[in-house]
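Shown next, in structure tokens, is the structure this report addresses.
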Amino acid sequence: MSTITEAARQTPVRKHVDVLVVGGGSAGLAAATSAARLGADVLLVEKNGYLGGTLAMVTLGSICGLYTVTEADVIPVVKGFAGELIERMNGLGAVKGPMRWLETASLLYDPTAIKLVADDMVTEAGVQVVLHSLAVGVVKDGARITGVIFEGRDGRWGCTATTVIDCTGDANIASLAGAGFEHDPSVIQAPTTMFRFGGVDTERATAMTRDELRNHLEKAVAAGLPLPRTAGGMFSLREGAMHLNITRVLRGNRSPDPLDTEEVTSAEIDGRRQLKMYLEAFRRFVPGYENAFIADIGSEIGVRESRRIRGDYWLTLDDVLNEARFTDSIACSAWPVEEHGAGRATKWVFLKPGTFYELPFRMMLPVGIDGLLVAGRCSSASHDAHASMRIAAVCMALGEAAGVAAAQAGKGDIRKIDIGALRRQLEKQGAIVGPLPGSSSSTKAEQVTPA
Ligand SMILES: Cc1cc2nc3c(=O)[nH]c(=O)nc-3n(C[C@H](O)[C@H](O)[C@H](O)COP(=O)(O)OP(=O)(O)OC[C@H]3O[C@@H](n4cnc5c(N)ncnc54)[C@H](O)[C@@H]3O)c2cc1C
């Protein structure tokens with residue numbers, strides 16, 4: 001391969017802040033807002049023209065990870081920033097639930113409203129926001145990250161910071177800083193192109209069970225439409241509209257590599273090709289969809305998994321399934337292990353009813369790098385544990401803890417913060433750091449068709 005030698009350049013440093021948050025998804029929104037509310041000078045930088053990350057750009061239909069469930073109750077395990085975001089969404093009529101499905105429950109939401117709520121929450125908190133800027137480099141002093149370089153609409157610029165929080169989902173900053181990570185395309189979960197049908201008879205469609213949907217779509221497969229999945233998530237928040245989590249894009253027998261430009265390009269095109277096939281399959285074979293049309297497609301393919309950093313603590317499957325407890329716990333989760341691998345079925349392993357596991361602060365600290373926290377789906381976890389902790393509410397809880405920690409660290413070392421003070425502040429904000437408050441906060445839920 002031939003190469004081009006680029007000329008050396010002087011990059012302007014446009015900002016110096018206490019806390020620099022890169023990536024404005026679930027984790028980044030929570031991190032930036034929480035840090036700014038505690039008085040830190042915070043800059044949030046995002047490559048898209050809007051905030052919300054996967055929740056907005058991939059158009060999911062539900063926020064998962066908020067609850068643990070028993071036969072009788074749906075009990076919150078994540079509140080704090082997530083609870084406030086949901087309250088604001090509720091004010092716009094943009095959430096519904098909790099809805100029970102399989103052996104869990106989630107909250108349906110409108111992915112367009114999240115963009116509006118996200119803008120309000122960060123700006124009201126006093127966060128400085130820069131959109132349309134992609135992080136492309138880091139500046140280090142020994143083991144310490146001291147700044148990040150961005151490529152914006154008007155060229156390159158830099159920001160220096162006391163603490164950087166990597167909320168890019170792909171651990172882009174940690175990777176640029178030389179942190180260790182795991183990323184193996186032969187193991188990672190497959191991506192999904194998400195979309196929304198309009199023109200659906202939602203009364204009939206929402207009455208359908210998972211098995212009924214599978215039977216209808218298996219008929220489509222028998223008729224020659226090679227659908228990669230015949231059961232999937234169907235979420236309806238508005239009359240006539242149905243969110244579908246049902247495509248599965250593979251490259252041979254493995255996931256395309258979301259960090260490889262050529263592979264992710266062909267995955268985007270393949271995902272949209274699948275949509276045309278699903279449109280035909282639903283119209284012809286699934287009752288209630290006779291007049292369906294594609295109303296909306298995620299602005300990029302939904303990547304479930306890429307880099308997971310090697311942190312001071314590595315969350316394991318045993319932690320997830322056996323109610324792990326940590327002295328530095330900063331969040332809780334009860335989401336099942338939900339794995340979208342090759343093949344038409346999705347693997348689910350549920351936690352025992354009413355149980356949850358804790359997530360330690362150390363899983364956000366990349367081994368050997370100072371001044372950096374990594375929050376969200378790229379925090380330190382094994383592939384199996386990630387299949388549970390990667391969901392939106394848990395990413396918000398991790399981000400909230402990262403933001404509070406960075407504000408509390410001030411000019412000091414993020415590894416030396418007072419964990420007791422961090423946990424107390426999170427609880428003051430309504431976050432659940434474990435153990436769970438009494439079950440009096442539980443709520444009843446409706447039933448919805450599962451993924
Ligand atoms: C298909 C699919 C379906 C899912 N379904 C559900 C569901 O129903 N419910 C649920 O709760 N969860 C679901 N998830 C999981 C969940 O949505 C994500 O794991 C979670 O939202 C990740 O949050 P995050 O903040 O870690 O990352 P993201 O939300 O991905 O945010 C990362 C942000 O960083 C930005 N960014 C990335 N790189 C850079 C850079 N170099 N410079 C600047 N900005 C950058 C991105 O644009 C993005 O805004 C699903 C995921 C997928 C892919």
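Numbering of ligands and ligand atoms starts at 1, following listing order. Throughout, numbering of the chain's residues begins at 1 and tracks the sequence.
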With a 3.5 Å cut-off and no angle check, do the side chains of S333 and Y357 form a donor-acceptor pair?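 Result is yes, a qualifying pair exists.
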List for me each residue that meets side chain to side chain contact (heavy atoms under 4.5 Å, CB included) alongside F181, sequence neighbours excluded, and say none if there are none.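 In terms of side chain to side chain contact (heavy atoms under 4.5 Å, CB included), with neighbours along the sequence ignored, F181 is linked to S175, H183, R307.
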Check whether any side-chain heavy atom of E339 sits under 4.5 Å from a side-chain heavy atom of H383, and report yes or no.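 Sidechains of H383 and E339: in contact.
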Residue that, paired with S306, satisfies side chain to side chain donor-acceptor pair (under 3.5 Å) out of E182, Q189, R377: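 Only match with S306 under side chain to side chain donor-acceptor pair (under 3.5 Å): R377.
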Is a salt bridge present between E280 and K276, judged by a nitrogen-to-oxygen distance below 4.0 Å?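 Salt bridge: no.
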Sorted by chain and number, the residues that approach ligand 1 to under 4.0 Å with a heavy atom: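 Under the 4.0 Å cut-off, ligand 1 touches V22, G23, G24, G25, S26, A27, E46, K47, N48, G53, T54, M57, L60, S62, I63, C64, S133, L134, A135, C167, T168, G169, N172, T192, M194, N245, G302, V303, R304, G376, R377, R390, I391, A392, C395.
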How are the rings of Y278 and F195 set relative to one another: parallel (under 30°), tilted (30 to 60°) or perpendicular (over 60°)?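 Aromatic pair Y278/F195 classed tilted.
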